[in-house]
Amino acid sequence: MELSKNYIPSATEEKWYKHWLDKKYFNSTPDERPSYTVVIPPPNVTGVLHMGHTLNETVQDILVRKARMSGFNACWVPGSDHASIATEAKVVQMLKEQGIDKNTLTREEFLKYAFQWKEKYGGIIYSQIAKLGCSVDWNRTTFTMDDHYYKAVIKVFVDLYNKGLVYRGARMINWDPAAKTALSDEEVEFKDIVGKLYHIEYKLEDENGNPIAPLHGGAGITIATQRPETIMGDTAICVNPNDERYAHLKGKFAIVPLIYRRIPIIFDEYVDPTFGTGALKVTPAHDINDYNLGLKHHLEVVDTLNEDGTLSEAAQIYVGVERFAARKKILVELKEKGYFIKEEEYPSRLGYSQRSGAVVEPRISTQWFLKMKEMAGPALSAVVNGDIKIHPGEKFLATYKYWLENVKDWCISRQLWWGQQIPAWYDEKGNVFVAETEEAASLKLQASSLEQQNAERLQPGAGSLKLTQDADVFDTWFSAWLWPMEVFNGISDPGNKEVDYYYPTSVLVTGQDIIFFWVARMIMAGTHYEKVKPFNDVYFTGMVRDKQGRKMSKSLGNSPDLLDLIDKYGADAVRFGIMISSPAGNDLLFDEASLEQGRNFNNKLWNALKLVKMWEARQMAEETKEIVDDSFELTDETKQLFGEIDQLPHDAPLDHANFSIAWFANRLQQVRAEVEVLYSQFRLSEALKVIYSLIWDDFCSWYLEWVKPGFEQPIEDEVYSKTIHFFEELMQLLHPFMPFITEEIYHLLSEKQDDLCIKQFAAIKATNNEVVAGGELLKQVISALRDARNKSQLKPKETIKLYIQSENNQVYKNIESILQKQVNAETINYVNETVPNATVVAIEKDKFYIESERKADTETIRTELLKDLEHQRGFLQSVIKKLNNERFVANAKVEVVELEKKKQADAEARIKTIEESLANLV
RNA sequence: GGGUUGUUAGCUCAGUUGGUUUAGAGCAUCACGUCGACAACGUGAGGGUCACUGGUUCGAGUCCAGUACAACCCA
C-alpha cells in the first residue's frame, strides 16, 4: 500500500466518524459498568460554534473518550437551547427582511415561523460538533423545547408556585427597550463610559406657593443629573438632613422645570452632600435607588417612558420622542429657558442588554419572580463542603460564594413568544390561577368561585369562567437549569432507570462567564429536586481571545470560522492547537500557529508510520527469500523488563535493540503514569504536551533512530513487532486528543479486528528508573558529542574515532552500537589515559576524545571548557557555602545534606575532568 | 469602591507540600544540513536571576506584607 507524502485529514475523518457511528460506539445504555456522564452545555439552537465552544467540546470529548477507554460506560448527551431572546430577535429580524411585522402576527403564526427557522438552522451546530469528532450519543439529542422538556419546565414552575417560592409582583426590573422585555440582573452588562453630569436649577416655593428668596444668587436649588430627560418623572428633591446649606428648605417645595409640577423637598441621609450639588432629584420610576427612596417617603411614581423607550403621556412633553433624542431636545429647552447651569464630564457605568445591546432601562413592571434565598443555601453548601469540586483550584469559589450570599430574587418572566409560556391563567377580575394545564386552572377557578360565592354571596352571573393565559414566557435559563436532570427525563419522569444510572453527572465543562446564569442555578435545581448535586466536578475553561488578547466577537470579526479551520488543518490539528495553548482555567490566546503545530504533528506521525511500513516491507521481502535471520532474539533480561521490570540485573550486557526496547518500554510506562495524574487534575494541556514530547522526541527522534536498521537492511522480527506495539500504545494514549489520525494509523500499522476508539487501556506497570536513566545518559552523550562535532565544523558524513575514558566501561559497551551510529564514529575504543591531539568532551566524570581528519579548533574548545569551568566553580562555591553553614547542616533534612555532599563531590570531579582536558589541549 | 487572579526567555506558558545542580517547555531566532520516514524536516546553539521593596527561614521563583502594573467579577 502506497502512503501519501503528507497526511490528508479530510477523507480519514469522515470515514472514521461514520465507522464509529455505525458501530454505535457513542451510544450508551445503562449496564453493570460505572457510568461516566457528561451533558453538553447546550449551544443556542440557531447559532454556530465559535472558538469558545470548540475548546469546550474538545475538552469534553477528551474526558469522555478517555473514560470510554478506561472501563466506564461513557455517555455524552448533546443538545441545544432555544435561547428565547436571541432566537426571537433573529426571527423578528428575518421577518422584517421579508416585510413582515411581528405585531401583525398572532402568537401561533409567529411560532410557526420560529420553528421553521429552527428546523432550517438548528442543524448547523450539530454538524459542527460531528466534524470536530465529538463522541456524543446522537440518540439522546435534546432540545430545551422538546415536549417532555417543555412539560418539565411547566411542572417545576407550578411546583415552586405551590411551595410559595414563586410570586408575581410589581418590582423594579431591568428593561430592554429594543427587545421589549424584562431581563434578569445577570443579563445586564455594564460598560465604563464617560457621561455628562448636567446641573439644572429648580425654582423654589414655600408652602403657600410664594417664591423663596434666591439661593446663592440663583433663583432656586441646583441638582446634578445624568438623565435630564427624566425630570418629568421627578416627584421630590432630596437633600441630606445634616447639610446646613439646605436646612432652611424644610417643608418647602421645588418646581420641576418645563412642566412646572410642584414637588416636595425631602430629607434623607442617603444623599451624599459632597456629590454634585448635594441635592438629588428623585425619580422613583426610573432609578432603583430613587425607587427605594420613594417607597420610604411614600412618593408618587410617575413613569415617563413607554416600553419601547419613547416618552410616554405621563411626561407631558415630547411624548413619543425616543429617550436619547428627548434628552437633547430637553437640554436645548432648559438652556433657552434659563434652567441650565452647566455640564461636566463624568466617568460612569451604563448597563447594556446582553442580547440586544440596547441601554437597559430600570423600570417598574409586574413580573414573575423566584425567591432565591431559599434556593441558595443548599447550592452554597454543596460547593463549600467540597461535594462539587471546582477546577482549577479554588479560583472561582469566592466569586460563587459571594454571588449566592447576595443573590436577589430572579425575574423569570420575559415578554416574548419563543419559549415555554407561563402556565398562569387570569379570570376577568385579574385573579391568577397557576396550574399545569388550562383545565386544571379552570378547576381551580371553579373551586375558588364556589368558595367566594358561599362566603360573599356574589351576585349570580358575576363569576364568569373565562380564563386568559399569561402571554409571557420563561427566561431561557429557567429551562436550562434543569438540563442535567431532564435530558434523562428526571423531572418529567422522576426516578426512572436512566436518571438513576446517569445522574449525578461526572463533570460539567463550561465557560466561567455563565457561572451564575447556569452553573449555580443547576446546582440549585439539582439540590432541590434530586436532593443531590448535578455533577461531581466543574471544569471552567478560560475565554478564547485573539492574538492581541481581545475577546473574540462578531463585531470585531476576529473569530475564525470553525469549519474553515477544519478544512485547512483537519479536526485533529484544530483540537491539538486549541488544547496545547489552553492551560486549565486561564484565558487562551488563539493563534493559528498552534494549529500549524498540530498539523505538523499529524505529519510527523504519518512519517513515522511510513518509516515502519518500509521496515515491514523489507521484513516481508526477507521472508519470501527465505533468508530468515534468526540470529536475533530478545534477551531474557529484556523479556524480564516486560514482565517484572523491577528486576533488571545491573551488569547485564545488552545489545542496541534490547537496550532501546527496554528503555522505551519503561519510558512509556513512566509517561502513562504521569498522564494519568494530569488527567485526574484536569490538566489536559499538560497531558497533551507530555504525550507530544514522548512521541516526537523519545519515540521518533531517539527510539526509532536507535532501532533503525542499516541502509536497505532487514529489521529483526522481534524489534519490528515491539516497535509496532509501542506505536499502537502511543496512538492509544493520544487518541482522546486526536481521535482520527490515531485510529487511522492504528489500523494501518497492522490488520485489526478492533477499533482504537473503544480499546481499553492496559494496566500501567511500574517504571524501572535505572533503565530510564540509562537512556537519558545515552541521549546526553550523543547530544554532547554531536555538539562537539558541530563546533569542530565536522560534516555529518565525516567519521570520527571515539575514545572513551570511564570508570565503568560496561555502561558504554551496552550502547556502543547506538553511539557509533548516532555520532558517526568509525571506531570506539576504551582508554585509561588522555588521548593527545583530540577534542575532549566531559560528561559527568567520563571523558570522550574525538579524533578526526579535521584539525580541532582548540581555541573554541578552550573557551567552551573555560566557560564550563567557571560555571562549575561558581556552583561548587555555593554548595560549599551551604555545607559550611552550621545551621544548614544542623537544620536541614538528612537527605538534603547528603544530596549537597553528593553535589559537591560531583562538581569537584567534574572540575578535575575539565582541568585535565584543558591541560590536554595543545 | 469591594473582590479574585496574575506579573518567570522576544511571544505563550510550566515550575504540585520551600532544598536533585545559580530555573524548564513550545513557538520564534541563529548556525549547519537534503542519496530513502519526515524542509510542514533533521542536528546543534544562543537567550531569563523569576515585576519591585522588605520580611520569615540554615535555605525563597515557591511562604508573608507592602508598592506598581494588568485582567476579570461585583456594586
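In what follows, every chain begins at residue 1, and chains take the letters A, B, ... in the order their sequences are listed.
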**Study point:** Interatomic distance, A/Asp697 CG vs B/G24 P [rounded to whole Å]
**Key:** 16 Å
Check your understanding: Say you pick atom C1' in B/A23 and the same atom in B/A14; how far apart are they, in whole Å?
Key -> 11 Å
Review point. Any side-chain N or O of A/Trp696 under 4.0 Å from OP1/OP2 of B/G42?
Key: yes
Practice item. Might you confirm whether atom CD of A/Glu870 has over 12 heavy atoms from other residues, nucleotides or ligands at distances under 6.0 Å? Key: no
Check your understanding: Considering Watson-Crick and G-U wobble pairs with both distances under 3.5 Å, what does B/C58 pair with?
Key -> B/G19
Exercise for review: Measure from the side-chain heavy atoms of A/Pro796 and tell me the nearest of B/G33, B/U16, B/U43.
Suggested key: B/G33
Check your understanding: Which of the following nucleotides, B/A37, B/G19, B/G33, is nearest to the side chain of A/Leu611?
Key -> B/A37
Point to revise | Watson-Crick or G-U wobble partner of B/A25, both distances under 3.5 Å | key: B/U12
Practice item. Verify the contact: side-chain N or O of A/Asn603 to OP1 or OP2 of B/A40, cut-off strictly under 4.0 Å; return yes or no. Key: no
**Study point:** Base-pairing mate for B/C50 - Watson-Crick or G-U, with both contacts under 3.5 Å
**Key:** none
Point to revise | Nearest-angstrom distance, C1' atom, B/A45 to B/G61 | key: 26 Å
**Study point:** Closest-nucleotide ordering on RNA chain B, the 5'-leading residue of A/Glu705 and A/Asn790
**Key:** A/Glu705
Check your understanding: So does A/Asp906 pair up with A/Lys902, basic N to acidic O under 4.0 Å?
Key -> yes
Study note, to complete from the structure: Which of A/Phe726, A/Phe664, A/Tyr692 passes ring pair (Phe, Tyr, Trp, His ring centres under 6.0 Å) with A/Phe699? Answer is A/Phe664
Study note, to complete from the structure: Looking only at B/U16, B/C58, B/A37, the nucleotide nearest the A/Gln681 side chain is B/U16
Check your understanding: Can you give one letter per nucleotide of nucleotides 69-75 of chain B, going 5' to 3': B for a protein heavy atom under 4.0 Å from the base, S for sugar-phosphate only, - for none?
Key -> ---SSSB
Review point. Just one of A/Leu595, A/Leu684, A/Leu688 clears the side-chain contact (heavy atoms from CB on, under 4.5 Å) bar with A/Ile580, so which one?
Key: A/Leu688
Exercise for review: Give the rounded distance in Å between these two atoms: NZ of A/Lys401 and P of B/U5.
Suggested key: 13 Å
**Study point:** Face-on cation placement of A/Lys903 at A/Phe875 ring, 6.0 Å and 45° thresholds
**Key:** no
Review point. Please give, in whole Å, the distance from B/C58 C1' to A/Asn891 CG?
Key: 6 Å
Review point. Between B/A37 atom C1' and A/Ile695 atom CD1, what is the distance in whole Å?
Key: 16 Å
Review point. Does B/G44 have OP1 or OP2 sitting under 4.0 Å from an N or O in the side chain of A/Arg786?
Key: yes
Revision key, fill the gap. Scanning all shown strands, the Watson-Crick or wobble mate of B/G42 with both distances under 3.5 Å is B/C32
Check your understanding: What is the nucleic acid contact for A/Ser693, judged by heavy atoms within less than 4.0 Å: base, sugar-phosphate only, or nothing?
Key -> nothing
Exercise for review: Check whether the side chains of A/Asn603 and A/Asn6 place a donor and an acceptor atom closer than 3.5 Å, and report yes or no.
Suggested key: yes
Review point. Are any of A/Ser783's side-chain N or O atoms less than 4.0 Å away from OP1 or OP2 of B/U43?
Key: no
Check your understanding: How would you label the contact of A/Asn6 with the nucleic acid (heavy atoms, under 4.0 Å): base, sugar-phosphate, or nothing?
Key -> base
Exercise for review: Starting from P on B/G36, measure out to NZ on A/Lys5 and report it in whole angstrom.
Suggested key: 12 Å
Review point. Which whole-number value in Å describes the distance from A/Tyr703 OH to B/G42 P?
Key: 19 Å
Practice item. Rounded to whole angstrom, note down the P distance from B/G59 over to B/U20. Key: 15 Å
Check your understanding: What integer number of Å spans the P atoms of B/G24 and B/A31?
Key -> 26 Å
Practice item. Could you give me the CA-CA distance, side-chain angles and deciding distance for A/Arg227 and A/Asp287, then say whether salt bridge (charged side-chain N to carboxylate O under 4.0 Å, His left out) is met? Key: CA-CA 10 Å; A/Arg227 303 201 56 192; A/Asp287 183 278; over 6 Å; no
Exercise for review: Specify the separation, in whole Å, of atom CE of A/Met579 and atom P of B/G26.
Suggested key: 19 Å
Check your understanding: B/U67 and B/C74: how far apart are their C1' atoms, nearest whole angstrom?
Key -> 25 Å
Exercise for review: Write down the distance separating the P atoms in B/C69 and B/U21, rounded off to the nearest Å.
Suggested key: 37 Å
Exercise for review: Report the nucleotide, chosen from B/U21, B/A37, B/U43, that has the shortest atom-to-atom distance to any side-chain atom of A/Phe875.
Suggested key: B/U21
Check your understanding: Closest nucleotide of RNA chain B for A/Val896 versus for A/Glu596: which of these residues is on the 5' side?
Key -> A/Val896
Practice item. State whether A/Asn600 places a side-chain N or O below 4.0 Å from either non-bridging phosphate oxygen (OP1 or OP2) of B/C41. Key: yes
**Study point:** Under 4.0 angstrom between A/Lys881 side-chain N/O and B/U22 OP1 or OP2
**Key:** no
Review point. What's the closest nucleotide to the A/Arg683 side chain, out of B/U16, B/A37, B/U22?
Key: B/U16
Review point. Does any nucleotide pair with B/A68 by Watson-Crick or G-U wobble geometry, both distances under 3.5 Å, and what is it?
Key: B/U7
Review point. Does CD in A/Glu908 sit with more than 12 non-hydrogen atoms of other residues, nucleotides or ligands closer than 6.0 Å?
Key: yes
Practice item. Measure from the side chain of A/Lys708, starting at C-beta and using heavy atoms only, and say which of B/C27, B/A37, B/U22 lies closest. Key: B/A37
Review point. Can you tell me how far C1' in B/U57 sits from the matching atom in B/A65, rounded to whole Å?
Key: 16 Å
**Study point:** Whole-Å C1' distance, B/U8 and B/G26
**Key:** 15 Å
Practice item. Classify the side-chain pair A/Trp702/A/Gln822 by whether it contains a donor and acceptor separated by less than 3.5 Å. Key: no
Review point. Looking at B/A37, B/C27, B/C58, which one has an atom nearest to any side-chain atom of A/Ala608?
Key: B/A37
Revision key, fill the gap. To the nearest angstrom, the NZ-C1' distance between A/Lys797 and B/G36 comes to 14 Å
Point to revise | Phosphate contact (B/C41 OP1 or OP2) by A/Lys604 side-chain N/O below 4.0 Å | key: no
Review point. Salt bridge between A/Lys708 and A/Glu705, side-chain N to carboxylate O under 4.0 Å?
Key: yes
Review point. CG/A/Leu778 to CG/A/Leu819 distance, rounded to the nearest 0.5 angstrom?
Key: 6.5 Å
